[in-house]
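Letters go in sequence order (proteins before strands), and every chain restarts at 1. No experiment lies behind these values; they were computed from the predicted model shown.
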Amino acid sequence: MIRIAGLTRRQWAALALVLGLAVAFLLPMVVTDYRSFQFTLVIIYAIALMGLNLLTGYNGQISIGHGAFYAIGAYTAAIMMDRWEIAYYWTLPAAGVVCLVSGFLFGLPALRLEGLYLALATFALAVATPQILKYFDSWTGGVQGIVLFKPDPPFGLPLSQDQWLYYFSLAIALVMFWAAWNLIHSRIGRAIVAIRDHPIAAQTMGINAPLYKSMTFGVSALYTGVAGALGAIVVQFVAPDSFSVFLSISFLVGAVVGGLASFTGAIYGGLFVVFIPNISEEISQAAPWAIYGAFLLVFMYVMPSGIAGFLRRIGAWIARRNAS
Amino acid sequence: MPAATVSEREESQAMATPERTRTAAPLLKVEGITVRFGGIVALDGVSFDVESGLVAGLIGPNGAGKTTLFNCLSRLYKANEGDILIDGRSIVGSTPHAMPGFGIGRTFQNLALFQTMTVLENVMVGCHSRTRADFLGSALRLPWIRSEESRAREDAIEMISFLGLDDVAHVTVASLPFGTRKKVELARALAGKPRLLLLDEPAGGMNHDAVEELIALIHDIRERLGITVLVLEHHMNLVMRVSDKVIALDFGRKIADGTPDEVRSDPEVIRAYLGKDA
């Protein structure tokens with residue numbers, strides 16, 4: 001067993017998890033409400049990226065249409081809260097189920113397409129979504145969108161609204177990451193990865209590849225949809241143009257930069273998606289997207305397997321140095 | 001001794017019909033399989049049986065249609081005509097992923113492992129068809145899922161030990177040497193507890209010692225695990241030594257079918273391998 005500073009790899013991972021949770025828990029106590037709001041968005045994007053990661057990272061199916069599921073989740077929450085005055089927390093399971101079903105149904109025909117062709121089919125979904133939302137304006141409020149109210153913390157907890165939403169999102173994220181971890185480390189997860197690694201061998205082992213691919217698409221959409229519902233609650237506003245193709249591409253960027261087929265990768269990806277555009281704007285007001293592009297190039301050159309893969313390699317390097 | 005293991009295995013398999021097997025009906029029955037690719041006839045009305053408990057060898061020069069036949073048996077290719085029966089049930093209308101349900105397991109000529117997974121994980125995928133865990137139960141890690149998972153893990157570890165892979169159980173397969181990876185594939189196929197194991201050129205790329213080991217292993221698979229084996233192989237020495245019966249193909253047709261000695265001395269087989277003048 002290789003040890004670094006007396007701890008095994010597993011112990012280091014446990015330590016990192018405990019420290020990460022402690023930081024996540026204490027964060028809203030030490031930063032402003034606006035920063036809490038930003039970190040809430042990081043958590044929400046991390047859930048969405050975890051969903052995309054299940055599909056693209058673990059199952060090997062590229063989607064540049066996950067913004068559509070984020071939008072469906074967001075509108076499910078917004079319509080339930082605004083039209084039917086349903087409590088915000090009930091909107092999450094509803095958004096999850098709606099996206100699971102729509103993801104599965106979209107997946108059934110689309111996953112007969114391979115690689116880039118699937119990517120184009122999902123792109124079509126991303127392009128169509130904002131306009132479909134505008135078309136059904138009696139439900140969606142059309143171009144104006146729907147304005148929501150921020151929920152107060154329950155049980156008279158001494159928290160600001162932003163702090164409460166942070167903890168609420170964190171709790172949801174922990175449950176969903178736990179479930180995804182279980183799923184990936186099970187018979188189902190092995191089948192999902194087997195299809196990515198060798199589809200023909202996977203079928204010969206008795207794996208119903210079309211069914212598993214569609215189900216993975218559905219579960220992936222469920223994660224992104226729940227994130228969308230949380231996003232609507234936290235941002236207190238949904239409008240068609242918040243869910244453009246750019247959102248879908250940001251998700252793919254976040255998933256790749258964070259690290260595909262990695263749980264921590266989804267968190268790094270969330271940080272990238274939220275903060276890099278802000279930092280770019282601070283560097284240059286005139287051409288923030290040029291700066292963003294430069295950041296992206298640097299990340300891809302320095303960390304071709306994403307931030308998670310980069311950190312893993314540093315860990316392996318330290319372990320080797322210690323071993324010799 | 002092997003007979004006892006065979007009947008034990010079949011009692012434990014719900015779909016097996018013991019009466020049928022006891023009356024020595026063939027486990028595998030291939031009936032007039034014809035496969036055409038455009039204008040080329042890859043298989044032309046090939047028929048043969050493999051009785052339960054045998055090791056059968058499938059030989060023939062390059063292009064004889066052996067691999068095409070194997071791919072028909074695992075439903076990767078569709079036959080234009082003919083039928084394939086396992087224990088009297090036709091597999092021709094079923095999907096490739098239904099084959100383990102019929103008791104068919106296979107290995108591949110050019111390794112088809114899951115590269116990013118460890119040896120244990122690869123072999124556990126082999127247990128897929130015998131386990132039932134679903135998406136929701138797995139995500140929530142329900143108690144029955146956990147007990148099924150640990151049973152699958154034990155079964156996989158048993159197969160890993162059977163093939164002497166204990167030392168590399170937790171190593172990612174991509175970093176293993178070729179010969180070891182071939183064994184992983186075999187362990188993965190065996191983890192599905194097949195009744196009929198299809199071996200696609202198991203000796204390909206092996207040296208003399210490894211071939212000797214493989215011969216012993218194929219005997220073990222039949223004797224200790226009670227599995228019927230159909231082996232497609234170029235290595236003539238191996239086929240003749242492990243097989244109870246040999247089927248020879250040439251240009252998509254069956255040219256001989258019998259004991260190794262019969263097939264070895266069959267004039268058509270000699271002609272196919274050595275040319276007309278030999």
Side-chain angles (χ1 to χ4, degrees), chain A residues 1 9-10 50-51 54 57-60 96-97 100 103-104 175-220 222-223 260-262 305 309 312 316, chain B residues 70-71 73-76 95-108 110-118 120-142 145-146 148-149 152-153 156 172-174 185 188-189 191-192 194 198 200:
Chain A
M1 192 60 72
R9 210 175 142 256
R10 198 173 266 261
M50 189 65 241
L54 289 174
Y58 289 97
N59 199 215
V97 170
L100 174 69
F104 180 78
V175 170
M176 294 192 78
F177 270 61
W178 172 77
W181 179 269
N182 290 342
L183 192 66
I184 286 303
H185 296 89
S186 73
R187 167 181 185 260
I188 304 292
R190 286 191 296 275
I192 288 171
V193 176
I195 291 167
R196 178 196 69 189
D197 281 5
H198 204 299
I200 290 172
Q203 294 203 49
T204 312
M205 297 302 122
I207 296 167
N208 184 344
L211 180 69
Y212 271 78
K213 282 162 128 186
S214 303
M215 272 305 287
T216 307
F217 207 100
V219 172
S220 168
L222 179 151
Y223 272 74
L260 286 170
S262 152
S305 48
R312 207 178 302 139
Chain B
F70 251 48
N71 285 336
L73 290 175
S74 42
R75 299 291 303 135
L76 297 175
T95 51
H97 64 252
M99 291 307 104
F102 281 94
I104 301 179
R106 74 167 287 177
T107 64
F108 290 84
N110 307 309
L111 297 170
L113 287 168
F114 309 119
Q115 292 291 328
T116 62
M117 296 190 195
T118 65
L120 178 63
E121 286 164 342
N122 265 277
V123 178
M124 283 179 81
V125 175
C127 300
H128 185 90
S129 59
R130 299 188 297 111
T131 45
R132 298 274 83 86
D134 56 6
F135 271 78
L136 187 62
S138 297
L140 300 178
R141 221 162 160 259
L142 299 177
I145 301 273
R146 268 180 285 172
E148 184 187 82
E149 180 82 358
R153 181 178 294 262
T172 309
V173 291
E185 247 208 10
R188 185 181 67 179
L198 309 175
D200 193 348

Under a 3.5 Å cutoff, is there a donor and acceptor pairing between the side chains of R106(B) and N71(B)?
yes

Distance-only side-chain donor-acceptor flag, R312(A) / S305(A), under 3.5 Å:
no

Among [options], which has the most heavy-atom pairs under 4.5 Å with chain A?
options	result
Q115(B), M99(B), M117(B)	M117(B)
R132(B), R130(B), R75(B)	R132(B)
R146(B), H128(B), E121(B)	H128(B)

Side-chain (S186(A)) to main-chain (I188(A)) donor-acceptor, under 3.5 angstrom
yes

Find out whether L113(B) and F108(B) are in side-chain contact, i.e. whether some heavy atom of one side chain is under 4.5 Å from a heavy atom of the other.
no

Does L198(B) reach the side chain of T107(B), with side-chain heavy atoms less than 4.5 Å apart?
no

Under a 4.0 Å threshold between the charged nitrogen and the carboxylate oxygen, would E149(B) count as salt-bridged to R190(A)?
yes

Side chain, backbone, both or neither: which part of [X] has a heavy atom under 4.5 Å from chain A?
X	answer
D134(B)	backbone
L140(B)	both
A98(B)	neither
E185(B)	neither

Top contributor to chain B contacts, counting heavy-atom pairs under 4.5 Å, from N208(A), I184(A), V219(A):
N208(A)

Is it the case that R188(B) places NZ or CZ above or below the six-membered ring of F114(B), under 6.0 angstrom from the centre and within 45 degrees of the axis?
yes

Side chain from CB out, backbone as N, CA, C, O: work out which of these in A202(A) comes under 4.5 Å of a heavy atom of chain B, or both, or neither.
both

